[in-house]
Structures are given as structure tokens and as C-alpha cells.
Amino acid sequence: RARPDHGLSSLIAPRNRYFGLMLPYTPLHHLLLRDFPALVMTSANLTDEPIAFEDEEAHRRLGGIADAFLNHNRAIHTRADDSIARVMAGRPLLLRRSRGYVPRAVFLPAAQASVLAVGAELKNAVCLTQGDRAYLSQHIGDLKNLEVHESFVRTINHLKKLFEVDPQVVAHDLHPDYDSSRYAETLPGVRRVAVQHHHAHLASCMAEHGLTGEVLGLIFDGIGYGADGCIWGGEFLAGGYGGYRRLGHFRYVPMPGGDAATREPARMALSYLLQAFGAELPPLPVVNTIPAGERALLLKMIERGINAPLTSSCGRLFDAVAALLGLRNKVSYEGQAALELEMAIEPDEGDYPFALVEGEGGLIFDPAPLVRALVGEILAGVAVGVVSARFHNSLARMMGGVARRLRDATGLNRVVLSGGVFQNLYLVERGTRLLQADGFEVFTHSLVPPNDGGLALGQAVVAGFTTN
């Protein structure tokens, strides 16, 4: 946690109450720190590109940015980012599993056929299984350009060579347009298994803990392709490695502009306001930050369902609330709005009303009452930090209510929490306490990221189970 008198630039980790600290782990670091009390460091790459790890590549790609280069006569053999962890509920939680942890094995509940799992589109990492062990690769990144794709393929070939495994089963995401899914389709002579995104998250947390049988899963993340063609992300599941049942979800809401809504939280704020208030939108600043012509177009897209796919995403609800509070209308990296909403929290025990109703999709969490109450407090001048705390408290209380209803319906008492939203320290710790107080056995991630960086592990065990 950053101290108030730290004296460092406000441009380091803006709107974040924490600094990421790294101790010197190479002799070169120790030599540098003889003359500097501390260094501010970042990765050697442009946005959305893999890190440069060869001298010629670094000079070519970063020559227009870096004022100087410090070269070494020891070549780097394999590209590997630094790992990122935070302490959650008294345990380390890996947000990025890379240097220092790869290729350490995750032990599986049972031996299975060798599987290559190619992960998702964002925060990609791949996984190779051998017997009762799974080997997650280092963090590869977002598969958005040729350089990252080439790194993805190189990493797969490196793992296969390292462990002398030629898997005959390849697992991939259900989304047909993911670069990783398209790569899987090009591989000859293998059996391909498509695994639904949130089922993979559930299986990943189960595998990390060596669980077997069936569990309840609260899987909250940004976006994942759903079995009904909609964009899932706030899912109430029951199941195990052999399959899953979707017992409920967050109420669907339109994403105006599709992927553009993930980059512009103000669009999601508009969508949630329309769902909660109808055409008479409340006089919030976020409404007026969208130019009138663009706002009219977005409202038409939402009302007519044109380029506005439906989503049950918990991450998009976080985006909307961050925009409603005036924290973030556009993001420059994935999860920025949600992170800044978490960092704004001030201690408070209040919460907001919400609805849990039985619908066609099972148990539906309807946030419209929450949005109306939250907007009322914003208009009344309640502090941003207090509103943020009450929003988080509401979601934690919702988690408990959902789990009780699902336990009554299934008899299952073990709950796994997975998906990128559960990188949120406040939500995990508060939600876990409420669930445990109600008698649930709760499992959260530690050595495998809850975000898409851990997805390949879940894909691998699901594919291995179904092909054994």
C-alpha cells in the first residue's frame, strides 16, 4: 500500500493505492542499485506487443522511445514477463503467472491423456498436460497482432520440446473467432475439444485445489462466449470437469457498439441507466459527456438491438458504475475502470437493494434496483468512496444470496470463485467471509490466476476428462 508521504511521482500507478514492488533478482540489478535508491521499471515493449528479449529486436522496436540501452553479454533464452501477485485473504494471489513460477507443475486430481490447451484471447497462456501434471506457460499476452501470435506459437513449440510431449488432444475456447481457436483448427491429426469459457474458469479453480465431483461456481469476469450466443460474464454454475449446468446469471443488458463498450465504460453506463430508468435518464454528468448526436445513436442501437449484443458480464457492470461515479469514461487498458472503482473504496457498511428472481435462464440477478439507489446517492452528493464501498458490499451480499438459493436447489456446499473480477481484493475477502459464515466451503485462486491467464488449465482438465 502506498504511504501518503511516499514522495514519488503521481504518474506512477495513478488512481491506485498500491505500488508493485520488485526486489533485485539478478546481479545486474544489484550493481544498478548501488547508485540508485530505487528504480521505476516497465516492460520492454509497445502496448499490445510482446516484450523484446533480444538486443537487435529491442533496438529496432524501442529505438524511438528509449534514450539509452544497457546491454549484457548473456543472451536471454526464453521470453518471460515478471510475475505479478498480491496478498488476498492471507495468501498470495498470482495475477500474472510467469517468471519464477513457470514451468512449475500444477498437480491434477488424476492422470489423463496429454492435452494442449491454447487459452483465450486476452492474457493468453497455454497449458500442456503430462500424466497427472499440468504445465502452464508463462504469460504470453493479448493475441491481437502478428508479433504476439508468433510468440504464442513459439511458446507452444518450446513446451512440447521441453517435456517431450506431442499431444493428440487440443482444447480451445468456444469462441470461433479467437486467434487461439483458429490456431487449434489448423492443427492436423488431433482431436479438438471446444470448452465454454466459464466452465474452463470453474475447472481451473477446481484443478488448482485438486477437487473432484461437482461444485457451485460463481464465475464473474469481463466477456466470454456463451452457449446461447450471448456474451456471458456473471454466471451461476454447478458442475465439474465432465460438464456444467448454468443455474442463473446477471440480467442481460445490451453492449452498444460491441467491443467498443469495453473500451468506453460510459456506453455501459448509458445501457444500465436505460434499463433502470427507461427513457427519462437522470441528470448525471456521464450522460452529458457523450455528445448529443452520439448519445441518440447509442440509445437507438440499444433499443433496436443493432450492434448491441446482450451480455451478462459482471465486469461491464463494474465499468458502468465507474462511469456513473465519474471515475472513468474511457479506458487505456483492460480492467482499468474496475480497478479504479476498487481503489476508490472508503470504509462503509451500507449496501443497496437488488433483485434475485426466477426467470427463463434460472436465477437472475437484476441490478436495476441497485443502479437506481446508487444514482440517487450520487445525485444527493454522497462521496464517491462511500458509493463504491456500498456497491461492492451489495455484490458480496448478492453472492451469499445466490449461493444459498443454489445450495437449496442442488445440495452442493462447495463454492469456487473464479474469473477476472475476483482479482478484486475487497470483493473476494468480504464475499468469502459472508459465504463461510453461512457454512459454505469456499475455494479461491492462489497459484493460478483467476483471470484468463489461468483459463488454459481449466480447458486442459475438461478436455482430458472428456477424452479419458
Side-chain angles (χ1 to χ4, degrees), residues 117-124 143 171-182 184 192-205 215-262 267-268 271-272 275 302 305-320 334 356-367 398 402 406 416-422 450-452 454-456 458-459 462-463 466:
V118 295
E121 187 86 348
L122 302 178
K123 295 182 173 64
N124 182 271
L143 300 179
H172 60 88
D173 195 89
L174 196 62
H175 199 306
D177 290 331
Y178 277 0
D179 182 75
S180 53
S181 299
R182 290 197 298 268
R192 285 179 284 273
V193 179
V195 183
Q196 200 280 323
H197 192 92
H198 302 92
H199 183 203
H201 273 305
L202 178 142
S204 174
C205 191
V215 300
L216 297 175
L218 301 182
I219 315 298
F220 298 170
D221 67 357
I223 55 174
Y225 190 72
D228 61 358
C230 294
I231 300 170
W232 293 4
E235 307 307 309
F236 314 144
L237 307 181
Y241 305 126
Y244 73 96
R245 304 182 301 283
R246 191 189 195 204
L247 301 182
H249 57 85
F250 283 38
R251 181 183 174 186
Y252 281 130
V253 63
M255 282 176 60
D259 281 347
T262 67
R267 294 184 180 220
M268 291 309 305
S271 191
Y272 275 100
Q275 191 178 75
I302 293 169
I306 300 170
N307 191 24
L310 295 176
T311 184
S312 59
S313 169
C314 180
R316 299 291 77 81
L317 176 59
F318 269 83
D319 285 353
E334 189 205 4
L356 289 176
V357 296
E358 292 292 340
E360 188 177 334
L363 183 61
I364 307 301
F365 164 58
D366 183 358
M398 177 271 292
V402 167
L406 299 189
V416 302
L417 308 180
S418 189
V421 169
F422 289 118
N451 59 46
D452 284 1
L455 197 76
Q459 292 175 342
V462 169
T466 56

Once rounded to the nearest 0.5 Å, what's the spacing between atom [atom1] of [X] and atom [atom2] of [Y]?
X	Y	atom1	atom2	value
D366	R251	CG	CZ	4.5 Å
D319	M255	CG	CE	9.0 Å
L122	D452	CG	CG	6.0 Å
L417	L216	CG	CG	10.5 Å

Kindly determine whether L174 and H197 satisfy side-chain contact (heavy atoms from CB on, under 4.5 Å), including the steps that lead there. CA-CA 7 Å; L174 196 62; H197 192 92; over 6 Å; no
Can you tell me if [X] uses its side chain to pair, donor with acceptor, with the backbone of [Y] under 3.5 Å?
X	Y	answer
S271	P254	yes
H199	R245	no
T466	V462	yes
S181	D173	yes
S313	G222	yes
E121	Y178	no

Is the closest side-chain heavy-atom distance between F250 and F236 below 4.5 Å?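 Sidechains of F236 and F250: in contact.
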Report the C-alpha distance between L363 and E358 in whole Å, list the side-chain angles of each, state the deciding distance to 0.1 Å, and finish with yes or no for side-chain contact (heavy atoms from CB on, under 4.5 Å). CA-CA 5 Å; L363 183 61; E358 292 292 340; 3.8 Å; yes
Exercise: identify the closest heavy-atom pair between [X] and [Y]:
X	Y	answer
D221	H198	OD1-NE2, 2.9 Å
S312	H249	CB-ND1, 4.0 Å
S418	P450	OG-O, 3.9 Å
P256	M268	CD-SD, 4.4 Å
A227	Y244	CB-OH, 3.8 Å
R246	Y252	NH1-OH, 3.1 Å

Stepwise side-chain contact (heavy atoms from CB on, under 4.5 Å) check, E235 with H201: CA-CA 11 Å; E235 307 307 309; H201 273 305; over 6 Å; no
Stepwise, does the side-chain contact (heavy atoms from CB on, under 4.5 Å) test hold for R316 with I223? CA-CA 8 Å; R316 299 291 77 81; I223 55 174; 3.5 Å; yes
Given T311, which of T262, I231, L317 fulfils the side chain to side chain contact (heavy atoms under 4.5 Å, CB included) condition?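 Exactly one candidate clears the test, I231.
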Indicate the ring-plane relationship of Y225 and H175, choosing parallel, tilted or perpendicular according to the 30° and 60° boundaries.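 Ring orientation, 0 to 90° scale: tilted.
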